[in-house]
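Okay, so here's the structure we're looking at.
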Amino acid sequence: MAVFDTPRQPVSRLVVTGAAGGIGTALRGRLGHLAETIVLSDREDVTTDGNETSHPCDLTDLNAVRALLRGGGDVLHFGGQSTEAPFETILQANLIGTYNLYEAARLEGVRRVLFASSNHTIGFHRRECRLRADAPVRPDSLYGVSKVYGEAVARLYYDKFGIESLLLRIGSCFPVPRDRRMLATWLSYDDLLRAIEAMIRVPRLGCPIVYGASANAESWWDNRDTAHLGWSPQDSAEPHRARLEAEPPVPDPLSPAVMFQGGGFCAAGHPSDD
Ligand code: NAI
Ligand code: 15L
């Protein structure tokens with residue numbers, strides 16, 4: 001095995017933003033094997049276990065984010081506004097917050113980041129399309145636009161400063177799929193953890209776009225371009241199909257929420273309208 005193909009050595013620090021959120025809470029207590037210290041961060045203190053520590057930080061404050069990342073290591077960036085919202089909210093949490101994260105990473109010596117991107121970067125593609133990493137972006141919301149921006153910031157910081165990122169376009173990451181659409185978009189917490197492990201261990205990450213879905217029977221996304229990462233999802237939404245298809249109402253196949261991949265985000269109006 002050539003030196004450049006040997007798995008990467010474990011990092012000493014792994015910083016997790018958004019640690020109080022849905023995904024962050026699901027991951028807490030499950031990352032301890034990936035670094036000597038797991039630094040959990042959100043706006044407020046979070047409870048810790050084992051080798052976890054809590055470091056509250058507002059992502060809109062660059063100096064605070066620099067203090068969070070001091071000491072380097074890898075970062076799982078889950079913090080931010082996670083749904084559609086008025087522009088001011090998106091601006092603070094996702095545009096300024098993500099810029100601060102990457103600029104602090106550059107200044108404090110972080111070399112690898114997982115950027116929690118979203119399927120809403122490509123939400124206005126029809127469900128008949130099977131998308132690869134080079135599909136044109138078609139955001140379905142101001143939130144989706146902010147994730148396109150985040151991917152662009154990550155790419156700039158890779159091309160110019162060598163900071164590697166996994167741009168994980170997460171589908172729907174919840175304990176179980178919640179509706180028919182999630183039969184295609186669901187990402188289990190276990191498969192997310194497998195993606196994080198792959199991202200930390202792969203010798204050369206680069207800055208790939210990866211669609212974050214489990215091995216669902218119904219699928220709109222194709223990760224063949226990033227097989228080198230060695231991420232192989234194991235779970236499937238299929239056992240939930242009968243339950244979800246039995247739920248009323250029967251969906252209208254011609255409604256935007258059903259025609260397009262982004263679902264309800266495509267059908268929603270402007271977030272600042274009444
Ligand atoms: P969430 O809304 O449950 O958690 C987000 C966390 O970020 C919250 O705990 C919040 O306090 C924190 N946060 C927001 N603004 C902040 C600020 N200015 N400073 C510090 N912390 C701040 O979201 P969830 O579901 O856990 O998602 C995590 C990430 O993954 C988000 O970036 C979301 O956009 C992304 N994602 C999630 C998907 C899902 O299905 N759960 C799908 C696609 C993307
Ligand atoms: C997302 O990007 C959101 O963060 C999450 O709350 C879900 O809406 C998810 O996409 C989805 O598309 O199901």
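One-based numbering, in listed order, for ligands and for the atoms of each. The model shown is predicted, which means the values in this text are computed figures rather than measured ones.
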- Message: If the threshold is 4.0 Å, N to carboxylate O, is there a salt bridge linking R30 and D190?
- Response: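 A salt bridge is present here (some side-chain N lies under 4.0 Å from a carboxylate O).
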- Message: I'd like to check whether T83 has a polar contact with ligand 2, where a contact means an N/O of the residue lying under 3.5 Å from an N/O of the ligand.
- Response: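 No, no N or O pair falls under 3.5 Å.
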May I ask you to check whether [X] has an N/O atom sitting below 3.5 Å from an N/O atom of ligand 1?
| X | value |
| --- | --- |
| K147 | yes |
| D58 | yes |
| A93 | no |
| C173 | yes |

Of all the heavy atoms in [X], does at least one lie under 4.0 Å from an atom in ligand 1?
| X | value |
| --- | --- |
| E44 | no |
| A19 | no |
| S172 | yes |

I want to confirm something. Looking only at heavy atoms, which of [options] is nearest to [atom]?
| atom | options | answer |
| --- | --- | --- |
| atom 36 (N) of ligand 1 | F78, Y143, W186 | Y143 |
| atom 5 (C) of ligand 1 | S82, G80, G79 | G80 |
| atom 10 (C) of ligand 1 | T17, D42, L101 | D42 |
| atom 37 (C) of ligand 1 | I23, T25, L59, T98 | I23 |

Those atoms of ligand 2 less than 4.0 Å from some heavy atom in [X]:
| X | answer |
| --- | --- |
| F265 | 8 (O) |
| F174 | 5 (C), 6 (O), 7 (C) |
| M182 | 13 (O) |
| S172 | 11 (C), 12 (O), 13 (O) |

- Within less than 4.0 angstrom of ligand 2, does R178 place any heavy atom?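 Under 4.0 Å: no for R178.
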- With backbone taken as N, CA, C and O and side chain as the heavy atoms from C-beta onward, which portion of S117 lies under 4.0 Å from ligand 1: side chain, backbone, both, or neither?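 Just the backbone.
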- Task: Under 4.0 Å, heavy atoms only, figure out whether ligand 1 is touched by the backbone of C57, its side chain, both or neither.
- Result: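 C57 to ligand 1: backbone contact only, side chain stays beyond 4.0 Å.
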- Query: Under the 6.0 Å and 45° cation-pi test, does R155 pair with Y157?
  - Reply: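 That pair does not qualify as a cation-pi contact.
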Residue part near ligand 2, for [X], under 4.0 Å between non-hydrogen atoms:
| X | result |
| --- | --- |
| K147 | neither |
| S118 | side chain |
| N119 | side chain |

